Protein chains: 2
Amino acid sequence: MSAPAPEGYDPHAYAPFAVTVDLAVFTVREARLHVLLVERGQEPHRGRWALPGGFLLPREAAEDAARRELAEETGLGPGAIGALHLEQLRTYTDPDRDPRMRVVSVAYAALLPDLPEPRGGGDAASARWWDAGSTGPLAFDHDTILADAHDRIGAKLEYSCLATAFCPAEFTLGELQQVYETVWGVELDRPNFRRKVLSAPGFVQPVDGPPRRTGGRGKPAALYRAGDATALHPPLLRPQRTDASPSGPEGRDR
Amino acid sequence: MSAPAPEGYDPHAYAPFAVTVDLAVFTVREARLHVLLVERGQEPHRGRWALPGGFLLPREAAEDAARRELAEETGLGPGAIGALHLEQLRTYTDPDRDPRMRVVSVAYAALLPDLPEPRGGGDAASARWWDAGSTGPLAFDHDTILADAHDRIGAKLEYSCLATAFCPAEFTLGELQQVYETVWGVELDRPNFRRKVLSAPGFVQPVDGPPRRTGGRGKPAALYRAGDATALHPPLLRPQRTDASPSGPEGRDR
DNA sequence: ACCCTTTATAGTCAGAGTGACTATAAAGAA
DNA sequence: TTCTTTATAGTCACTCTGACTATAAAGGGT
């Protein structure tokens, strides 16, 4: 911003860049973290899967572009899109990240409750949810972006109330715990999780009256909705892995 | 990245943007947080103070541009610059943030130990350290960037070993505590701070033998250097403000 | 019916971590 | 010397946490 800028400047002399947004849109379905991918309809990387995204319009802010692309890919209404939490991840600027030309991309992460299959909108040949751990090699540097997004989401769950964004408007504590377990890839103790969530002011609030969820087996659970807090005090720290062994189904390290 | 890109494309049709980096370079001097600012030598905002920064070169990654600009402004050698921790903050994309043309800026934060006055390099009329809390209105949206940077640094001190970047190679625990107190704007209990720092594995390591700092008044302190850890377990949480004021600009970001 | 499995919820208990505090040591200054 | 300043050691009560046990309320199978 304070760099050499000639008095009579030629925008193109300083504007050899295209700017895009890339979106890592996550959801939890069937106890697995899923990410929305689109199949590329043209070169480069035609036929490869990629994060949804696209070029900024000439007078558009990056977050607006992200919401626009998200609406195109998911078919969500403007109300849902407008209220959605979009987290700017970081910006990827490797000169060779796009073989066509110099492209700088601002990456965002978004969290959605489980939704029906997306409609393949825009230029994408198709769009669908993928298990976030089983995506093949993606186009461009999207493997890196996806990994960074997963890391960031996992970290934000610790000290923010973001986990409720993965849940529908009303949810049980079991569903909320499932979000943590899925994103972190660990098992948590149910009574302890419950104690910490309920003692964090403003994280969740009980739905009035005693309505209870039906449909599953086991005792019906009380329903909650997201509270008005945005930060989590005290934080809900994930159990630190003390060794390098991948977590088995038994959980509980050591 | 996956947006409409015509087969026979014209780069300029998708490249109406200039890309810059902006740097929030912090140091602690005399128990105050200071930030490096440059006085703008030309329009727009001629004579206003701004964060150092500049345009990306055609085949340069943003972090390389940030290190290049930092070297120009501070006169630090390439060794020091190369080892420096540069934290990408976020990217600012408001279409009107630069009156000249469409400029997207990637902001970085850097932490330095106390240094002599910078040399005014490059196009800057002059460059100097400012008390981070007493900067006048800065050029462009740099007030916002500076505030975001301060927030981020404060949050990172909680769960990373970054605080040692503010200190010289060998430092006392009192100096390290000064960093926390200055960035957070609070006073900490000295014995408790000591206990937590020393119990965090890999945060600091004592300098061998019993060398002690001279020059000040009071009992000489043992010297430490930065340990090999990068994350802080357990985290060193800042005392939560008990007042009911709603959270400021979305603190904590990992 | 009955038991069995599943999930939710309540509670207990020991240990780690933390905030507030007191005490002692080692330097320079008055 | 005495005072002031800074460093370091230690105490103590309280909270938070992980690991665990117990009980409640549903559905499924035989």
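All of these numbers come straight from a predicted model, not from anything done at the bench. Note that these values count all heavy atoms, side chains included, but never hydrogens, waters or copies made by symmetry.
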Tell me the closest heavy-atom pair linking B:Ser105 and B:Asp22, and the distance in Å.
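B:Ser105 and B:Asp22 have their closest heavy atoms at OG-OD2, 2.6 Å.
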Can you name the nearest heavy-atom pair linking A:Glu63 to A:Tyr108, along with the distance?
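In terms of heavy atoms, the two residues are closest at N-OH, 3.3 Å.
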What is the separation between atom [atom1] on [X] and atom [atom2] on [N], rounded to the nearest whole Å?
X	N	atom1	atom2	answer
A:Glu158	D:dC16	CD	P	18 Å
B:Tyr224	D:dA7	OH	P	11 Å
B:Leu173	D:dT6	CG	C1'	12 Å
B:Leu176	D:dT6	CG	P	17 Å
B:Leu223	D:dT8	CG	C1'	15 Å
A:Leu237	D:dT17	CG	P	8 Å
A:Leu198	C:dT9	CG	P	9 Å
B:Phe171	D:dT6	CZ	C1'	18 Å

For A:Ser199, give me all partners under side-chain contact (heavy atoms from CB on, under 4.5 Å), at least two apart in sequence or on another chain.
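Partners of A:Ser199 under the side-chain contact (heavy atoms from CB on, under 4.5 Å) test: none.
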Test the A:Arg32-A:Trp130 pair against the cation-pi criterion, namely NZ or CZ under 6.0 angstrom from the six-membered ring centroid and within 45° of the ring axis.
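So A:Arg32 doesn't make the cation-pi contact.
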Identify all pairs in which a protein N or O lies below 3.5 Å from an N or O of nucleotides 2-6 of chain C, and state each distance.
none

For residues 191-208 of chain A, pull every pair meeting salt bridge (Lys or Arg N to Asp or Glu O under 4.0 Å), keeping only residues two or more places apart or in separate chains.
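Qualifying pairs: none.
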Atom pairs and distances, donor-acceptor, side-chain atoms in residues 162-170 of chain B, under 3.5 Å, two or more places apart:
residue, atom, partner, partner atom, Å
B:Thr164, OG1, B:Cys161, O, 3.0
B:Glu170, OE2, B:Arg225, NH2, 2.9

Main-chain N/O of A:Leu188 paired to A:Glu181 side chain as donor or acceptor, under 3.5 Å
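Flag set: sc A:Glu181 to bb A:Leu188 pair under 3.5 Å.
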For the helix from C:dA1-D:dT30 to C:dA30-D:dT1, how many degrees between its two end axes (five pairs per end), to the nearest 10°?
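Answer rounded to 10°: the end axes differ by 10°.
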Nearest-0.5 Å distance, [atom1] of residue [X] to [atom2] of residue [Y]:
X	Y	atom1	atom2	answer
A:Thr182	A:Phe26	OG1	CZ	12.5 Å
B:Leu36	B:Leu112	CG	CG	8.0 Å
B:Leu157	B:Leu232	CG	CG	9.5 Å

Are side-chain heavy atoms of A:Tyr224 and A:Leu176 found at a separation under 4.5 Å?
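Counting from C-beta outward, A:Tyr224 and A:Leu176 never come under 4.5 Å.
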Considering only heavy atoms, which members of residues 181-196 of chain B lie under 4.0 Å from some atom of DNA chain C?
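The stretch gives B:Asp189, B:Pro191, B:Asn192, B:Arg195, B:Lys196 as the residues lying under 4.0 Å from the strand, ordered by number.
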